[in-house]
Number of protein chains: 2
Amino acid sequence: MAKGHVRLADVARAAGVSQGTASNVFSRPDVVREEVRERVLNVARELGYRGPDIKGRLLRAGRVNAIGVAAVEPLTYFFDDPWARSLMTAIGEVCDASGTGIAVVSAMNEERLAWNINSALVDGFILLCVEGGERLVELTRQRQLPFIALALGIEDATIPAIGIDNVSGAAAAARHLLELGHRNIAILSIGDVDGLVGPIAPERVDPEMEATPRDRMHGYWQALAEYGISREAVPIQGTLHDRPSTLTAMAALFSSDTPPTAILAMSDKVALYAIQWLAERGLKVPEDVSIVGFDGVPEAATSLPRLTTVAQPFAEIARRSVTAILENALPKDHEALDLELVVRDSTAPPRSR
Amino acid sequence: MAKGHVRLADVARAAGVSQGTASNVFSRPDVVREEVRERVLNVARELGYRGPDIKGRLLRAGRVNAIGVAAVEPLTYFFDDPWARSLMTAIGEVCDASGTGIAVVSAMNEERLAWNINSALVDGFILLCVEGGERLVELTRQRQLPFIALALGIEDATIPAIGIDNVSGAAAAARHLLELGHRNIAILSIGDVDGLVGPIAPERVDPEMEATPRDRMHGYWQALAEYGISREAVPIQGTLHDRPSTLTAMAALFSSDTPPTAILAMSDKVALYAIQWLAERGLKVPEDVSIVGFDGVPEAATSLPRLTTVAQPFAEIARRSVTAILENALPKDHEALDLELVVRDSTAPPRSR
DNA sequence: TCCGTTTATTGAATCGATTCAACATGTGAA
DNA sequence: TTCACATGTTGAATCGATTCAATAAACGGA
């Protein structure tokens, strides 16, 4: 009492019970006799005691009841980027159900990454590995907390990870356009590699591209091959997954003599930018140009027109990740979940039919 | 060593130094002699010691380096709702600059709210008080950590809060439409009160409406009065700030004999839904109907057409909130920041001119 | 050589709770 | 009356670090 803060020990002494009993009054009220409990609670109130301090509890119990979500991106990424947000929303839903909190941890530079990962007060991590995944995993491993990697481009089977079947998903998207009758199709790729903007030759895909866009590319090619269309016949424009580079890419695609009648975009974000570009030039979707996105972010369902896309099972990914961490039951293998083609209003048969 | 976990004391013993010195090696390396430091670090490496455990450090040092953002909403709200996201993005930016982490804490039901607020490991709270603000503030107060309330509808000057000048902001929006020549204007209000959906009579505004929409309403009325338009002449439709109720409200507004030529929407979210409704009916914005939103969320800048709106100074709000908490320098008074009318493409003179 | 400084290290106290073996007490059955 | 058992309570150990007063060692100046 004298020292500013009232602690459990003070309450215990003032109420004439042991510290153990006082602790029980707050943490396991059912084991202490009602009469004693009331007395302790009254004393606590008089003294202005606010209940057990979490820091002490934490030290002893070791559980925080929160999971950390980390990415090699600024904090704004979690609230900005459609893919990240879709995931966060799904994770939020699962955490809400179990009363778990979420801490977002970011790290742009190496130094801070290490610090942030090490000092986040969480019971485990979900790693968003779109970029810099390798380093992120390594760092998190050192923390010796359960973690699970999402969107990991690394093969290493010792890393618990949940992935998606990008190849079949992409193939489904391409097949959809082909079935509608499109034969003049272009691809809008995504990535963080500066060298991969503008036109990309097929032979550069395997050596230079990151895992996710590479897999999607192969999925596209696979379906195109089924219809006898060779890789070389399909123009690829690389974007940095942002607005400016997408607009540039679109301009390049449509400056051709035979502009595409359909576009395969490797993300909904890019697809949506592409639609904006088309709208500004008076080209109608899907009448003039069809477009298929990727990811299945919520914006795709409310855009104008509503976007046909390949949806990730965000809810399932979130459910598995969170329970894996909370129950410390990490998957042994990499799991790859299926994607689902969601046909909406941005695709139609080509006009020239 | 024997007990699974290696702790600082083990390292100290193995290296033949005191625990104090071992601690310094990690936390204040500059004060220990290089030779000793190296020795300790080597031993630590051999033993597999990962550096100081944050839980112990926390207990002693008491600082977490993270701020909590709380709302009486599900966790998904933080990643879903445009207003919340704008704020979170701005907060993220400030936190990034100072290396601070963010924990989001939610609470739908009373019981869990208390628990979540009490067990969040943070140095302070930013409270999103759009709904249930009063209770949220009360609970947080008990935690005895610095906190600051945003979008608070309560007058109580003892609560540190940052607000915005809703009245002048709304007035500016209305004035903009009036200056363009609109005289037949309708209002789309927002709120969480079930009774306030559908047509709302002006006399119900003061007694029944929450603070934010009420203030905005008065701002609208103020500007309308300047042009000699009485409150009674302006139809108000209440929405629950979601899609279905907005569509219903729009339908009601346009079933009138004299449908409005312009709409004042109390949020960008609602404004965007309204535009969708109009688009589906073939009504063009701004040619057929002008619309002004409120808040200045990023979607408003990229929608089709780009939305004219009254922008909140999110960056400034975030900057002030975060620094107030980090430096424990809470504002004495309620601060009210100015809003800015951002004219874009969703407003034009009425057609019939 | 002696003394005053500076620098590095030690050891013990501390942060604030939880946990658990041991002990009291009360109850019912044999 | 005695024993077994359930129920409450106690006291001390523990979690894993940081901090600080006290001490030791090294150094420089007179």
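Source: prediction; values computed, not measured.
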(request) Compute whether any side-chain donor of one residue and acceptor of the other, for A:D295 and A:S86, lie under 3.5 angstrom apart. (result)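 Result is no, nothing qualifies.
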(message) Under a plain distance cut-off of 3.5 Å, with no hydrogens placed, do B:R39 and B:N42 share a side-chain donor-acceptor pair?
(response)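 Note: B:N42 and B:R39 side chains miss the donor-acceptor criterion.
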Would you say [N] has OP1 or OP2 under 4.0 Å from some side-chain N or O of [X]?
X     : N      : answer
A:Y49 : C:dG16 : no
A:R57 : C:dG16 : no
B:S23 : D:dA17 : no

Results of side chain to side chain donor-acceptor pair (under 3.5 Å) for [X] - residues two or more places apart only:
X      : answer
A:T323 : none
A:R143 : none
A:R50  : none

Can you measure [X] atom [atom1] to [N] atom [atom2] for me and round it to whole angstrom units?
X      : N      : atom1 : atom2 : value
A:I54  : D:dC15 : CD1   : C1'   : 16 Å
A:L8   : D:dC15 : CG    : P     : 19 Å
B:R7   : D:dT14 : CZ    : P     : 9 Å
A:E34  : D:dT9  : CD    : P     : 12 Å
B:E35  : D:dA25 : CD    : C1'   : 13 Å
B:R50  : D:dA17 : CZ    : P     : 13 Å
B:L121 : C:dG16 : CG    : P     : 15 Å
A:D53  : C:dG16 : CG    : C1'   : 6 Å

(message) Between the side chains of A:R135 and A:E138, is the shortest nitrogen-to-carboxylate-oxygen separation below 4.0 Å, so that they form an ion pair?
(response)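 Between A:R135 and A:E138 there is a salt bridge, with a charged N closer than 4.0 Å to a carboxylate O.
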(message) Exactly one of A:F78, A:F79, A:F314, A:Y77 should register a ring-ring contact (aromatic ring centres under 6.0 Å, His included) with B:F79. Which one does?
(response)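 Looking at A:F78, A:F79, A:F314, A:Y77, the match for B:F79 under the ring-ring contact (aromatic ring centres under 6.0 Å, His included) is A:F79.
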(message) In the structure I gave you, are the side-chain heavy atoms of A:S321 and A:I162 within less than 4.5 Å of one another anywhere?
(response)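 In short, these two side chains touch, coming nearer than 4.5 Å.
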(request) Can you check each nucleotide of nucleotides 7-12 of chain C against protein heavy atoms at under 4.0 Å and return B for base, S for sugar-phosphate only, - for none, in 5' to 3' order? (result) -SSBB-
(message) Nearest to the A:S27 side chain among C:dA17, D:dA17, C:dT18, which nucleotide is it?
(response)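 Of the options given, the side chain of A:S27 lies nearest C:dT18.
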(message) Five pairs per end, C1' atoms only: what is the angle between the end axes of the helix from C:dT1-D:dA30 to C:dA30-D:dT1, to 10 degrees?
(response)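 The two end axes of the helix from C:dT1-D:dA30 to C:dA30-D:dT1 meet at 40°.
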If you look only at distance, which donor and acceptor atoms sit under 3.5 Å apart when one is on a side chain in residues 29-38 of chain B and the other is two or more places apart or in another chain?
residue, atom, partner, partner atom, Å
B:R33, NH1, B:E35, OE1, 3.0

